[in-house]
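Take a look at the structure below.
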2 protein chains.
Amino acid sequence: MNATASSAEPITVMLVDDHPVVRDGYRRLLDSTDDIRVIAEAGDGESACALYAKRAPRVVILDLSMPGIGGLETIRRLRAKDPAARILVFTMHDSQAMVQRTLLAGAAGHLSKSRCIQQMVAAVRAVAAGKRYVETVEPPVSEPAPDGDGEPAALSALSKREFQLFCLLAEGRSVQDIARQLSISIKTVGTHHAAIMRKLVLHNRTELVRLAISCGVIPV
Amino acid sequence: MNATASSAEPITVMLVDDHPVVRDGYRRLLDSTDDIRVIAEAGDGESACALYAKRAPRVVILDLSMPGIGGLETIRRLRAKDPAARILVFTMHDSQAMVQRTLLAGAAGHLSKSRCIQQMVAAVRAVAAGKRYVETVEPPVSEPAPDGDGEPAALSALSKREFQLFCLLAEGRSVQDIARQLSISIKTVGTHHAAIMRKLVLHNRTELVRLAISCGVIPV
DNA sequence: TAAAAATTAAGGTTTTTTCCGATTGTTCTT
DNA sequence: AAGAACAATCGGAAAAAACCTTAATTTTTA
């Protein structure tokens, strides 16, 4: 069963989560296997980047919601330093939009905290082996240019105009206001809005706002 | 040091959290002590209430953000069944407003997930011994409504029910969903919604979401 | 007990959101 | 250069959701 690599060198892991107790729980969990060893822990993105260079773990497990530069930016910086970095996102944000954005930012896997323990261990092993591990049923986007250099990742799927509308909608502006300000029809705003929701796999305005905030498009 | 109760019977604990991996982490952590034993786990409020009657744990550790009836309602139901129930809230929502509400709902203690492991164990022991354990710097327990001093606890203007609705609305749940879940009319949800908007001087759902995030009621 | 607040609900209005189809440009490819 | 693909624009129609006002009942509070 787990005759994967008990004799060979274990999979080294760095945990990145801003909650010490949560980190401790994961550490105990992973260290109870015979092929995974936690060799580093960080409580924020900056420390994670610094520590990654020192310890060079095989896999990075990180939560998205963190103080400071946040999870997404951490992924980008780690990948910028080391394009071979294997990052497994382990978070509560299991919306399609979030999954998409983490993968586009350069993560190798995404796992919801609502999953069971076996899946976590399996995900670590898969990512360590160079595979991708995503728990979603379908790939919503094939490859919309994982450029990554510009702005927020998944938002690159939006056209210029759509991104402009995205910002205004996230700010809480009403459809009427937006139409007036841009001197376009309410119907046009509606069309753009629908396209945004479809591309980002969102379901309501609330999700749009939270996505915009976590992307840094609008302040909290 | 921990010569508290190694010979006597251990402190029995029930874990309530909707994330299996998190529960597993806590279990390993608590079971590694010699005076605390996890005897039950639940993933939502309803199961927790049912399981509490069966296993009668000394301490209940629960997270606030859960599907279904949610953490606060769970506290109330547990206390309604057994006024002697000792509940330790262990969550990420460490805003003053949240701490206050959990204590008013009947919790015996409140601890942020950002605290260290030693504090968690200490909190369990304190609560089991019949004490209160709150990590805040000052005692907010004395008076139920210390509002008036502006923005930090603006949410204290809301009633219990209104705050519950506030959380659900901020999470992006639709009015229909909320009505179904709480077994009330859509119209009633609308009334609460209007009251919330009036009390908090908000103008649309977007502002509500941003306020909820900045208050720590929901994660980003 | 009387007043105030909370919780429930309903009717009606406005706004948002979706599902269509359609036109006009621009860009890219063959 | 012709065609394909996309971006941006608008409109109709209908469903869904949000929003506003009033009001009855219960609970809490003073």
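Each chain gets a letter, A, B and so on, in the order the sequences are listed, and its residues count up from 1. Quick note: numbers below take in every heavy atom, side chains included, and nothing from hydrogens, waters or symmetry partners.
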Checklist entry - B:Leu158 CG to C:dA5 P: how many Å, rounded? => result 15 Å

Checklist entry - Between C:dA5 atom P and B:Glu162 atom CD, what is the distance in whole Å? => result 12 Å

Item to check | Whether B:Arg58 side chain and B:Ile11 backbone form a donor-acceptor pair below 3.5 Å | outcome: no

Item to check | B:Thr33 side chain vs B:Leu29 backbone, donor-acceptor pair below 3.5 Å | outcome: no

Atom pairs, protein N/O to nucleotides 16-19 of chain C N/O, distance under 3.5 Å:
{"unit_1": "C:dT16", "atom_1": "OP1", "unit_2": "A:Val175", "atom_2": "N", "d": "3.1"}
{"unit_1": "C:dT17", "atom_1": "OP2", "unit_2": "A:His193", "atom_2": "NE2", "d": "3.3"}
{"unit_1": "C:dT17", "atom_1": "OP2", "unit_2": "A:Arg205", "atom_2": "NH1", "d": "3.4"}

Item to check | All side-chain hydrogen bond (donor to acceptor under 3.5 Å, both in side chains) counterparts of A:Arg205, not counting sequence neighbours | outcome: none

Checklist outcome for this item: Computed from five pairs at either end and rounded to 10 degrees, the angle between the axes of the helix from C:dT1-D:dA30 to C:dT30-D:dA1 is 50°

Next on the checklist: I'd like to know if the side chain of A:Asn204 reaches the main chain of A:Glu207, judged simply by a donor and an acceptor atom lying under 3.5 Å from each other, with no hydrogens or angles considered.
Outcome noted: yes

Item to check | Boundaries of the DNA chain D segment in contact with chain A, non-hydrogen, under 4.0 Å | outcome: D:dA7 to D:dA13

Item to check | Pairing residues for B:Thr12 by the side-chain hydrogen bond (donor to acceptor under 3.5 Å, both in side chains) criterion, not counting sequence neighbours | outcome: none

Checklist outcome for this item: Residue set satisfying side-chain hydrogen bond (donor to acceptor under 3.5 Å, both in side chains) with A:Arg79, at least two apart, ordered chain then number -> none

Next on the checklist: For the residue pair B:Tyr26 / B:Asp17, report whether a side-chain donor-acceptor contact shorter than 3.5 Å exists.
Outcome noted: no

Item to check | Side chain proximity check, B:Val22 to A:His19, heavy atoms < 4.5 angstrom | outcome: no

Checklist entry - Quick one: is C:dA9 close enough that its OP1 or OP2 comes under 4.0 Å of any side-chain N or O from B:Thr188? => result yes

Next on the checklist: Apply side chain to side chain contact (heavy atoms under 4.5 Å, CB included) to residues B:Leu208 and B:Leu200 and explain how you reach the verdict.
Outcome noted: CA-CA 9 Å; B:Leu208 190 151; B:Leu200 301 182; 5.9 Å; no

Item to check | Distance in angstrom units between A:Asp177 CG and C:dT15 C1', rounded | outcome: 12 Å

Checklist outcome for this item: Which of A:His192, A:His193, A:Lys199 passes side-chain hydrogen bond (donor to acceptor under 3.5 Å, both in side chains) with A:Glu162? Answer is A:Lys199

Checklist outcome for this item: Atom CG of B:Leu182 and atom P of C:dA6 are separated, to the nearest Å, by 18 Å

Item to check | Side-chain (A:Lys81) to main-chain (A:Ala53) donor-acceptor, under 3.5 angstrom | outcome: no

